[in-house]
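All values derive from a computational prediction rather than experimental measurement.
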Amino acid sequence: MKSSILIVEDDRFLAGSLVRVLERQGYAPTAAHSVAEAMSCFEKEEPNLVVLDLELPAGDGNAVCVGIRRRSQVPILILSSRSSSLDKVLGLNNGADDYLAKPFDSHEFLARVRAQLRRGSAKLADQGLIRFGDCALDIRANRLSVRDEDVELTATEFRILEQLAQN
């Protein structure tokens with residue numbers, strides 16, 4: 001399954017460029033251009049990664065970071081023109097997992113995306129939860145849900161699905 005990535009960026013040209021770069025790498029990106037749109041997309045999509053600009057219309061990206069972190073442990077990569085060490089420390093202290101200053105190299109951006117997706121998958125696996133597409137496999141509760149609806153499985157079916165999901 002493709003990893004879903006929410007890009008929160010008010011510069012529509014840059015957001016479109018990031019969407020195209022990520023799609024070429026096999027990811028499923030979605031772009032949001034404001035605080036309200038970002039939070040709405042986050043609630044609907046439950047992405048595997050959030051790429052977050054700090055300068056947004058009608059709000060601040062740091063507030064989005066704090067709001068997301070209260071609800072989820074999804075990896076957050078800040079992508080911002082604010083490049084002072086104070087801005088980086090504030091972003092990381094607000095819950096971001098990584099910080100990349102603009103302008104940036106697309107190869108470095110993709111490497112950081114891959115690293116955050118690896119870490120995000122490891123965090124969920126440590127919590128006993130494996131997500132793939134619309135599915136969530138809760139290892140500890142022996143439960144599969146698809147689009148938030150439970151699916152009944154036999155013990156054997158669950159073990160087979162668990163092995164497939166982990167590999």
Side-chain angles (χ1 to χ4, degrees), residues 1-9 15-33 35-53 61-79 91-100 104-167:
M1 282 290 161
K2 294 180 178 182
S3 293
S4 63
I5 301 173
L6 174 59
I7 301 166
V8 184
E9 171 63 60
S17 296
L18 293 173
V19 164
R20 286 187 296 281
V21 165
L22 291 167
E23 283 175 336
R24 281 194 295 260
Q25 296 299 311
Y27 300 113
T30 302
H33 307 290
V35 171
E37 190 179 359
M39 296 312 291
S40 175
C41 285
F42 181 79
E43 293 297 327
K44 288 179 199 166
E45 303 282 327
E46 294 185 28
N48 301 106
L49 171 67
V50 176
V51 176
L52 177 62
D53 184 15
N62 278 306
V64 173
C65 187
V66 169
I68 289 172
R69 188 54 70 227
R70 284 186 184 143
R71 296 181 178 120
S72 172
Q73 289 301 306
V74 66
I76 300 171
L77 167 60
I78 291 179
L79 190 62
L92 294 168
N93 284 343
N94 282 330
D97 296 285
D98 198 1
Y99 196 111
L100 182 60
F104 58 91
D105 177 80
S106 63
H107 298 290
E108 181 180 2
F109 169 72
L110 288 170
R112 289 175 185 254
V113 164
R114 285 189 296 272
Q116 290 306 319
L117 288 170
R118 275 194 312 272
R119 289 185 193 122
S121 294
K123 275 186 206 175
L124 288 175
D126 287 346
Q127 296 170 4
L129 185 64
I130 301 172
R131 290 190 180 275
F132 46 99
D134 292 336
C135 303
L137 192 64
D138 186 339
I139 305 302
R140 293 184 180 149
N142 288 342
R143 200 173 122 233
L144 170 67
S145 62
V146 178
R147 289 183 213 96
D148 296 324
E149 290 188 29
D150 285 345
V151 175
E152 296 215 13
L153 298 173
T154 66
T156 302
E157 290 170 333
F158 187 85
R159 284 194 313 273
I160 291 169
L161 186 57
E162 177 183 1
Q163 285 297 311
L164 290 170
Q166 288 179 341
N167 293 300

Practice problem: Go through the steps for Leu22 and Phe109 under the test side-chain contact (heavy atoms from CB on, under 4.5 Å), then give the verdict. | Solution: CA-CA 10 Å; Leu22 291 167; Phe109 169 72; 4.0 Å; yes

Quiz item: How many angstroms lie between atom CG of Asn94 and atom CG of Asn62, to the nearest 0.5 angstrom?
Solution: 4.5 Å

Exercise. Not counting sequence neighbours, which residues clear side-chain contact (heavy atoms from CB on, under 4.5 Å) with Val19? List them please.
Key: Ile7, Glu23, Pro29, Ala31

Self-check item: Atom pair OG (Ser17) and CD (Glu9), whose distance is rounded to the nearest 0.5 Å
Solution: 10.0 Å

Quiz item: Got a second to check how far Phe104's CZ is from Leu79's CG, nearest 0.5 Å?
Solution: 4.5 Å

Practice problem: Using atom types as modelled and distance alone, determine if a side-chain donor or acceptor of Glu37 lies under 3.5 Å from a backbone N or O of His33. | Solution: yes

Quiz prompt | Val64/Phe42 under side-chain contact (heavy atoms from CB on, under 4.5 Å): CA gap, chis, key distance, verdict | solution = CA-CA 10 Å; Val64 173; Phe42 181 79; over 6 Å; no

Quiz item: What residues, two or more places apart in sequence or in another chain, satisfy side-chain hydrogen bond (donor to acceptor under 3.5 Å, both in side chains) together with Ser4?
Solution: Asn48

Exercise. Hey, could you give me the CG/CG distance between Leu153 and Leu161, rounded to the nearest 0.5 Å?
Key: 6.5 Å

Quiz item: For Asp98, which residues count as a side-chain contact (heavy atoms from CB on, under 4.5 Å) partner, sequence neighbours excluded?
Solution: Leu77, Arg112, Gln116

Quiz item: Do the non-hydrogen side-chain atoms of Arg69 and Asp97 ever get within less than 4.5 Å of each other?
Solution: yes

Quiz prompt | For Glu46, all residues meeting salt bridge (Lys or Arg N to Asp or Glu O under 4.0 Å), sequence neighbours excluded | solution = Arg131

Quiz prompt | Shortest non-hydrogen separation from Pro75 to Leu49 and the atoms involved | solution = O-CD1, 3.3 Å

Exercise. Please say whether more than 12 non-hydrogen atoms of neighbouring residues, nucleotides or ligands are located less than 6.0 Å from CD in Glu43.
Key: yes

Quiz item: Are side-chain heavy atoms of Leu137 and Leu144 found at a separation under 4.5 Å?
Solution: yes

Practice problem: Only counting residues at least two apart or in another chain, list the ones meeting side-chain contact (heavy atoms from CB on, under 4.5 Å) with Ala96. | Solution: Cys65, Ile76, Ile78, Leu92

Practice problem: Could you pull out all residues at least two apart from Asn93 that satisfy side-chain hydrogen bond (donor to acceptor under 3.5 Å, both in side chains)? | Solution: none

Quiz item: Atom CD1 of Ile68 and atom CG of Leu6: how far apart are they, to the nearest 0.5 Å?
Solution: 6.5 Å

Quiz prompt | Glu149 atom CD: more than 12 heavy-atom contacts under 6.0 Å | solution = no

Quiz item: How long is the gap from OH on Tyr27 to CG on Leu18, to the nearest 0.5 Å?
Solution: 13.0 Å

Self-check item: Exercise: identify the closest heavy-atom pair between Asp150 and Ser145
Solution: OD1-CB, 3.8 Å

